Each structure stands twice: as structure tokens, then as C-alpha cells.
Amino acid sequence: MLPPVEHDVAHWEARYPARSLPEGAQVTRFAPSPTGFVHIGGVYTAMISQSVAHGSGGTYFVRIEDTDRAREVADAVEQFDRAFAYFGIESDEALGQVPWGPYRQSDRAQIYLTYVRELLRSGRAYPCFCTTDDLAEIRAEQDAAKAGTGYHGQWARCRALTDDAVEGRLGAGLSAVIRFAAPDDPGARAVFTDAIRGEIEQQDNVNDVVVLKSGEHRMPTYHFAHAVDDHLMGVNLVIRGEEWISSVPVHLQLFAALGFDAPTYAHVAPLMKLDGSSKRKLSKRKDPEASVDYFIEKGYPAAAVRHYLAGLANSNLAELDAAEAAEIPIALDRCSVSGALVDLAKLDDIAADVVAEMDLDDIVAAVDIWADEFDVDLAAAARSEPDRLRSAFAIGRGTDRQRKDVGRWSQVRLVFGFLLDAVFAPVTDPADERFGGVDPDVVRALAADFADAFVAEPDPTLWFEQVKALAGRHRFALNKAQLKDDPDAYVGLLKDAAQVVRVLLAGSTRSPELDAIAAILGPDEVRRRLRAVI
RNA sequence: GCCCCCAUCGUCUAGUGGCCUAGGACACCACCCUCUCAAGGUGGCGGCACGGGUUCGAAUCCCGUUGGGGGUACCA
């Protein structure tokens, strides 16, 4: 009925030693299934698991739950590794380094088989030959009788099969799944204490769930693998999505039948998305921002995403800045119990703050890495003038002129790209609308004059005095009162003249202060850009 | 259908019976600062889903309703 196994249960129990960890240390895991990309909700639960484990002096690891080979997506595991690395939620336990692996369930088939045999031997499991059609038939009968669905009671046909009947079917070549023989007490209640939600009581499980699937691989179901793996791997705190709450009764029964201590459970509220006017769970298929790739492509610093997520879990952390909050472990009993909507505007706000606090070298390095993958032209330009972007991010650092233009690397081109000669497109038409309607002749004269008169000047105030002088020479009023007194004497306001200079230097009506960009560009480049319009 | 989870400004939330004519953050609006933008400052808009209880007193406790989410697979 089952493939042979080399070992017995005692062997595996001995092979997986108890962990020697300090009192109160939590061992947690993140157990994604490689059926697609990593979901941002996955990063959320992984981060909580990691934070709680580390905060308690325990361990966090990643286990790949690839028991459903039919739905497995190629390269998913590689994508996982990339995402984990980006967000800093890699496993504490590397393959081969430690005795609790392997960490991929498809490599653990022998172990599951051993424990299934044990269950069979003790009468807590039995083979079931029902086909999909049989199951559908049972379902239909239950619907008609308004009975609870599932494989239980009078509907559990194969549970009563005699040994001879089983032999007969096996002999006829029928394939069997192995079902858990659940306690069949329809009135029973199951109670457990959730580390986030407190006591939860529900109907106990009466369903003879499948523990081992059919097919050549003879893989376990999630339920069974969860019990066996988390027991053997020493997990004492299972943090997972809320959708698992209703499976807890089955899991508790499985742990008991196997003679294992059940872990503590903590069920995290799902991340939601506003769809029209209603909230719904973020969907892998429908929502691009559900994928971690979205955040990586946009170039959000991992610290920003982590801080945003941490604030969703524990709102007190949201009041701290990212660096401070990162030092404080997430507290399960402070986790919110209702699903939060992912608010990208909030993330952007946090990201801008995070970038503002980042080390300049780290920023430049991060932009390089991001641009190499998502904007190669920008990467090349940045590398040929290595100091330009660095200086741009340095504008006003630590002063009241501190800027927060950039929260994700995809914004760099738009905000600071003009500082790179290879990205900048000179403005050559004096009638360009970006000049705000200033007479083309005046634009030309202003540019020519400033190109000649301009001198480098480190003091921002003194630097801007040059613009004031320039504006005065070309009949721009220094303030509104002046203009009002004698409207015919002026062609515009100081600000209009400054804008002409800005457009010439930045190619945009919006930029950091003129003195700052002129200092970054250097006098030669400033003159070159001014003269482009002459 | 049955079972479970959840419910405070648009969003994330503080609130654990009197400190609440409900506080903060993001977003939005206005003003200030100002060479534009960003940032920053000040102010504004805006909420306890509904109905019953319990209590001297309820956003807070209980019940119900409604609404939202999830489960009910040889998916995780």
C-alpha cells in the first residue's frame, strides 16, 4: 500500500534533537508554498515570526511547503530567496549547518511515510479508496440531507473497510489515500488560546482528513506535514494567516494522535485591499502590489517596507522612526486582529523619511543596484558622474533645508536625473513654455548675461544675490510692491527670472534650490546649460 | 447552508467602565515660510455600524441585527 521506509519513528525522534534554547525562547518558521510569487502578506507574517523569535532569544527559519507538485511554479523558490534577501527575512538555519533540516518538504517524504505507518498501526488512520466522483456523490447527499460536509460518520465509507476488503482493492490496483480517523463526536467543542486573539472555541473536527495523498510522490497534506515537521523541527510558536483558524481543531487532533506537544498558535489578520468600496484580502492574481516584486521594482528600501509592516502589526511602533522601531520586537498580544488595508501613500511617507535618514553611501549603493536592474541608462549615467547623485541626496542634510523628494529609487530619475549630463536634455528654445511666458528675447538676454556674470559662491544667500542682481539688470521687480508702484517699468518679478534660470539648469519648473544645483553641476556645466538657449 | 474571525475619522489606529464635548499619524484643504518644488510650521475637515440591555455612568461589558473577511479540497 505504501512505499517501504528505512527507519522507524524512534529513529526520527532521535535524529531530531530537542533544541537547547533559553527559557521562553520561541522557535518560529515561515512556510511558504512555491505556487507563485511571494505575497506581501507573506513578508508580513515572516517578519513577525522572525521578530518574535529573535526578540525571545529563539530561532526563525524558512520551510518550503512544496507538497502540491501540480500547482508548483518553476523558479518560485529562487524568487523566494531573492525576496527574503531583499527584505531581510532569510532563514536563521542554513541547509546542512544544523540538524533540523531538510527544509523542503519534498525532501522529507520518508519521514512522513514513517509517521503515517505509525498512525495506521495504531488504528488512527486508514486507507480510503474513494474517487473524486465518490466524494462528489457524498457531498451531494450531504447537501440534500443538510448534513455537514466532509468525510465523517456514515459518509466515511472506507473507514469501515475490513482488512480483506482493503487487500482486495489493493490487489485490484486501486490507489488509496490515507485518512486520519478523527474522533467522531458531532457535539464536541475545540478550544485553544491564540497568542493574538485569546481563547477561540469552535466545533471540534469530525472530518477524516487526508493525511497522505495518492500519486507517485505520496506527499502529505499540509495538515499532516505541519504536525510532523513542526514537532521534529522544534517549533513551539506557529504564526500564520487567519485563514488557518478553522483548521486548528484538526491540527490539535493530529498532534494528540501522534503523541506530540502542540505548539502555540498565533493567527495574524490578513492584509487587505480596497476594491471599489469594499475591503477584500489582497489577491495574488488581481493586485500588483500584492507581490513583493512590486516593492522591489519600485525600489522601496526594505527598511521602509519593514517599518510600515511593523507599524501595521504593532501600532506603537509606527510612532517611532524606522531605526528605533527595528530594535523593538513585535509583541503578539499587541497585534491588531482586524485586517488592514495596504496604504501605499502611507508607505511613501515612511519611505521618504527612511531615505532622509539613510547613510549617503548606502543610498548611492542602493540606487546603483536598483538602476542596474530597472533603469540601465540611469545606472550608466550615475556611474560616469559618481558624485552628482550623492551630492543631490546630501542637499540640506541635517539642516532645516533637508529635502524628502525620494522615497523609492524609481523616483530618482524624475527628481534628480537632470543633474546627470547624460540624462539631462538642454533647453534650447527661448520660447519654451516652461519659461512661463517670459519674452524669448528676455530669456536669451538673461541667459547670456548670467552665463558671463555667474561666479561660484558657496554661501546660499550670497549666491542668490547674483540672481537678484541679474533680475534687476533685466527689469524684473524684486517684490510685488515694486511692481505695483510702477507696473510699466518691469517685465516681471524676481521669481520669474529665477524660474528662467531654474528651467535652464534643471529642465523643469521644479527643483531644489538654485544654489544647491549650481554647486553640484559646477560652474562650467552651469554656463554650458545657460548658453544652450542663446 | 454550517462554522469561525472582525467592526472608532477616507486609511492605519489610541482607547481595557468615569481622565473622551474620543487623541495621533497618513491623505485632503487653507494659511505661513519661500527663487519653484519637496520638506517644515500653524489651523481645518472628518469617526465610536445599528438596536437592545447591564451600570450612577459605556467607544469600552453582554445579547441581537447588519456589514466585511475567512473556512468548509488528495491547495496551502
Side-chain angles (χ1 to χ4, degrees), chain A residues 31-36 65-68 70-71 105 128 130-132 135 139 142-143 146-151 175-179 190 194 196-197 200-203 205 207 209-215 218-223 225-226 240-249 267 269-270 272 274 277-281 308 311-312 314-316 318-319 336-350 352-353 356 395-396 399-406 415 436 460 464 467-468 471 493-503 506 508-515:
Chain A
S33 179
T35 52
E65 311 238 320
D66 56 348
T67 57
D68 184 5
R71 297 201 318 155
Q105 290 180 331
C128 168
C130 287
T131 62
T132 315
L135 262 16
R139 178 68 184 262
Q142 289 170 331
D143 283 346
K146 289 188 176 168
T149 54
Y151 206 79
S175 71
V177 300
I178 307 300
R179 286 184 184 274
D194 187 283
I196 291 175
R197 294 156 195 272
I200 293 175
E201 179 180 339
Q202 53 196 316
Q203 283 179 347
N205 173 62
N207 205 352
V209 294
V210 172
V211 289
L212 198 73
K213 304 188 235 185
S214 62
R218 308 266 38 189
M219 292 309 281
T221 56
Y222 169 88
H223 306 301
H226 155 50
R240 58 191 356 180
E242 187 190 68
E243 68 272 19
W244 291 107
I245 291 178
S246 38
S247 303
V248 171
H267 293 92
M272 314 289 279
L274 192 63
S277 59
S278 68
K279 261 182 172 185
R280 47 152 242 258
K281 198 175 162 189
Y308 173 64
L312 246 28
N314 280 183
S315 64
N316 56 312
E319 289 162 26
S336 85
V337 290
S338 54
L341 236 35
V342 171
D343 184 351
L344 260 15
K346 180 95 174 184
L347 207 213
D348 280 331
D349 179 71
I350 289 170
D353 284 336
I395 296 173
T399 74
D400 57 1
R401 297 173 81 201
Q402 170 91 46
R403 303 187 62 88
K404 293 182 182 172
D405 306 87
V406 172
V415 177
F464 198 69
V467 177
K468 284 188 182 172
L493 248 18
L494 168 63
K495 62 195 299 181
D496 302 319
Q499 277 301 76
V500 170
V501 175
R502 164 165 288 108
V503 169
S508 165
T509 56
R510 308 158 61 156
S511 83
E513 284 81 353
L514 292 175
D515 64 279

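From a predicted model like this one, the values you see are computed outputs, not experimental measurements. Each chain gets a letter, A, B and so on, in the order its sequence line appears, and its residues count up from 1.
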Closest nucleotide among [options] to the [X] side chain:
X        : options             : result
A:Leu135 : B:C75, B:C26, B:C74 : B:C74
A:Arg179 : B:C74, B:C5, B:A39  : B:C74
A:Arg139 : B:C35, B:C75, B:A73 : B:A73
A:Thr149 : B:A73, B:C12, B:C6  : B:A73
A:Ser315 : B:G70, B:C5, B:U13  : B:U13
A:Lys495 : B:C37, B:U36, B:C4  : B:U36

Report which part of the nucleic acid [X] touches: base, sugar-phosphate, or nothing (heavy-atom distance under 4.0 Å, all strands).
X        : value
A:Pro512 : base
A:Ala318 : nothing
A:Val467 : nothing
A:Leu312 : sugar-phosphate
A:Asn207 : nothing

Separation between the C1' atoms of B:C48 and B:U13, rounded to whole Å: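 My reading of the C1' atoms in B:C48 and B:U13 gives 13 Å.
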Sticking with atom C1', work out how far B:C61 lies from B:G23, rounded to a whole angstrom.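 Nearest-Å result for B:C61 against B:G23 at atom C1': 23 Å.
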Gap separating the CZ atom of A:Arg240 from the CD atom of A:Glu242, nearest 0.5 angstrom: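 Going from CZ on A:Arg240 over to CD on A:Glu242, the span is 12.0 Å.
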Out of curiosity, A:Arg179 CZ to A:Asn207 CG, how far, rounded to the nearest 0.5 Å?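 These two atoms lie 7.0 Å from each other.
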Any donor-acceptor pair under 3.5 Å joining the side chain of [X] to the base of [N]?
X        : N     : value
A:Arg403 : B:C37 : yes
A:Ser214 : B:C74 : yes
A:Arg197 : B:C5  : no

Watson-Crick or G-U wobble mate for B:A25, both contacts under 3.5 Å: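 When the pairing criteria are applied, B:U11 turns out to be the nucleotide that pairs with B:A25.
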In terms of the angle between their ring planes, are A:Tyr222 and A:Trp244 parallel, tilted or perpendicular, with boundaries placed at 30° and 60°?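 Plane angle under 30°, so parallel.
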How about NZ on A:Lys495, more than 12 heavy atoms from neighbouring residues, nucleotides or ligands closer than 6.0 Å, or not?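 Counting neighbours around NZ of A:Lys495, 12 or fewer heavy atoms of other residues, nucleotides or ligands fall under 6.0 Å, so no.
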Between A:Asp343 and A:Trp244, which has a closest nucleotide on RNA chain B that is more 5'?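 It is A:Asp343, whose closest nucleotide lies nearer the 5' terminus.
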